[in-house]
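A note on names: the letters A, B, ... follow the listed sequences, proteins ahead of strands, and every chain is numbered from 1. Values below: every heavy atom of this structure, side chains too, minus hydrogens, waters and symmetry copies.
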Amino acid sequence: MLDIKFIRDNVDLVEDAIKNKNETVNLDLVLTLDKEKRKIQFEYDTLRSEQNKISQQIPKLKKKNKDVSKVIDNLKNYSSKVKILASKLAEVEEQLEKELLKIPNLPNSDVPIGQNESDNKFLRDWGDKRKFGFQPKKHLKICKEQKLLDIKRAAKISGSGFVGFQHKGAKLARALINFMLDYHIEKHNYKEISLPVIVNRKTMTGTGQLPKLADDMYHIEKDDLFLVPTSEVSVTNLYSGEILGLEDLPQKFISNSLCFRREAGSHGKETKGLQRVHQFSKVEMVKFVTPDTSYEVLDDLLNDAEDILQALELPYRIISLATGDLSFASAKTYDLEVWAPATERYLEVSSVSNFEDFQARRASIRYRDVNGNVQFVHTLNGSGLAIPRTFIAILETYQNEDGTITIPKVLRPYFNNEKIL
RNA sequence: GGAGAGGUGACCGAGCUGGUUGAAGGUGCGCGCCUGCUAAGCGUGUGUGGGGUUUAUACUUCACCGAGGGUUCGAAUCCCUCCCUCUCCGCCA
């Protein structure tokens with residue numbers, strides 16, 4: 001959420017940002033509602049103030065055994081007027097709040113401006129793509145031959161877009177999760193946390209998934225609960241409504257969780273196999289920091305994600321997302337894309353973002369600065385990494401001519417130090 | 001699912017026979033004083049959000065005692081609904 005005061009004073013800036021992010025928001029309505037709200041509030045406050053003052057006379061008069069019926073009669077007039085104003089105020093406030101929640105975050109000034117992903121900016125790459133002395137197989141073929149997945153039966157029990165890992169495939173997926181968690185905890189000093197994947201409406205609104213992305217999420221109607229599309233949601237909301245001490249910052253959390261995405265409207269597009277699935281595991285990094293450090297921390301976060309790919313010796317590239325491709329809540333995002341040599345494509349395995357105070361304002365996550373003033377924290381997160389696509393890259397990169405898979409060095413401790421899957 | 005207890009400020013904890021109580025008291029924390037160290041003591045300050053006046057400091061006002069409704073001239077205090085925590089019982093992975 002943006003500060004209404006900021007919007008008031010920077011209408012042009014906000015309008016540009018909305019346009020660059022391909023969003024449509026009725027800013028005029030926001031400004032009108034804001035004006036209206038303040039007007040009603042002033043009237044309400046004034047009236048209430050008078051009412052309170054008169055009301056406070058009653059106990060005094062009663063003590064002196066004086067008649068208070070006239071005073072009360074007078075107050076009855078106030079009461080009805082106050083009630084009308086109060087309901088008007090509540091109505092306008094609700095409308096304003098609703099509109100404010102639809103305004104996206106402002107992109108940071110160094111984010112490339114552009115309509116869509118074709119305007120994303122290549123930043124750098126790492127690693128040499130493997131040259132094969134034989135025809136490398138695509139991951140789905142490998143999975144089939146090695147019986148690593150059971151897609152058909154997963155579809156039978158849940159529907160298309162769900163996958164089942166089995167045998168060595170299940171073990172490889174689990175090894176990846178454990179490796180990533182252990183690595184971030186030991187090498188990068190993250191604190192592990194495991195939170196619910198089913199969350200309430202307020203939580204979903206806090207990180208910015210609601211109201212915009214309602215159709216992309218699984219919703220349990222009976223309880224009005226949602227399945228998280230990423231553990232960013234639960235972890236970032238950990239401190240919602242709280243005021244942290246300066247000594248509590250920064251905070252670095254690492255969390256593995258299942259992620260659930262309806263992927264509405266993306267049928268037929270990369271829906272085969274593992275590239276785009278309704279349910280998957282992801283190891284997520286979430287940070288809470290003071291505003292002055294957040295862009296430095298964004299770079300750290302990017303490095304932490306890169307370290308995983310480097311440890312796995314998987315070539316990748318980093319791109320900086322253009323304004324039109326940025327998520328609703330993000331001010332700046334880097335995508336990490338791993339090279340899948342047989343599919344011959346880069347696959348997004350991590351998205352690293354700085355939300356500045358956008359989520360903190362929505363979820364009311366604050367801290368007390370050196371002067372004792374209450375400020376919003378900055379929140380950041382990054383995948384470290386998404387499991388299925390990392391899984392793809394490993395199979396394709398580490399395949400051998402005889403159909404076996406060499407286990408990446410850093411994963412071998414999770415396989416009794418064996419070299420072949 | 002049933003029965004009971006409860007949810008108050010950073011924390012503990014009064015208030016809950018409705019009326020100067022945004023909230024006693026304590027702890028913690030800030031500042032000042034005193035004590036040649038330490039411990040202790042004294043004074044004083046210390047919630048969040050919104051509005052208005054203001055260059056700023058500041059002043060002023062409204063709201064907030066789990067959330068939302070209701071009763072009332074007036075609600076932390078009474079009533080209703082919901083959420084959460086704890087205890088006991090039942091049921092079930």
Identify which nucleotide among B:rU72, B:rA63, B:rG19 has an atom closest to any side-chain atom of A:S55, counting heavy atoms from C-beta outward. B:rG19

For B:rC62, does OP1 or OP2 lie under 4.0 Å from any side-chain N or O of A:N52? yes

For a quick test of reading the model: is some side-chain N or O of A:R368 closer than 4.0 Å to OP1 or OP2 of B:rC29? no

Distance between the P atoms of B:rG26 and B:rG43, in whole angstroms? 11 Å

Across every strand shown, the nucleotide meeting Watson-Crick or G-U wobble geometry with B:rC31 (both distances under 3.5 Å) is B:rG43

Closer than 3.5 angstrom, by distance alone: can the side chain of A:N10 be matched with the main-chain N or O of A:L13 as a donor-acceptor pair? no

Figure out the NZ/C1' separation between A:K37 and B:rG50, and round it to whole Å. 5 Å

Quick one: sort the A:H188 and A:H184 rings into parallel, tilted or perpendicular, breaks at 30° and 60°. tilted

Would you please name every residue forming a side-chain contact (heavy atoms from CB on, under 4.5 Å) with A:K19, sequence neighbours left out? none

Using the P atoms only, state how far B:rU81 lies from B:rG4, rounded to an integer number of Å. 13 Å

Pair partner, B:rC86 [Watson-Crick or wobble, under 3.5 Å]: B:rG4

The side chain of A:I243 is closest to which nucleotide in this list: B:rC73, B:rG51, B:rU48? B:rU48

Taking atom P of B:rG49 as reference, at what distance in whole Å does atom CD of A:Q41 sit? 15 Å

Considering only atom P, compute the distance from B:rA24 to B:rU35 and round it to an integer number of Å. 33 Å

What integer number of Å spans the C1' atoms of B:rA93 and B:rC78? 43 Å

Can you tell me if A:S79 touches the phosphate of B:rG74, counting only side-chain N or O atoms and a distance under 4.0 Å to OP1 or OP2? yes

Tell me whether the side-chain N/O atoms of A:R366 come closer than 4.0 Å to OP1 or OP2 in B:rU48. no

Fit a plane to each ring of A:Y239 and A:F253, take the angle between them on a 0 to 90° scale, and name the class: parallel (under 30°), tilted (30 to 60°) or perpendicular (over 60°). tilted

Once you round it to whole Å, what is the distance between P of B:rC83 and NZ of A:K202? 16 Å

Look at the side chain of A:D45 against the base of B:rG50 and say whether a donor-acceptor pair falls under 3.5 Å; ignore hydrogens and angles. yes

Write down the distance separating the C1' atoms in B:rU17 and B:rC12, rounded off to the nearest Å. 27 Å

Using modelled atom types only, decide if a donor and an acceptor are shared between the side chain of A:H278 and the backbone of A:R262 within a distance under 3.5 Å. yes

For atom C1', what is the distance between B:rG2 and B:rC91, given to the nearest Å? 11 Å

Rounding to the closest angstrom, what is the interatomic distance between B:rG9 and B:rA5 at atom C1'? 23 Å

Measure the distance from CG on A:N200 to C1' on B:rG66 and round it to the nearest whole Å. 14 Å

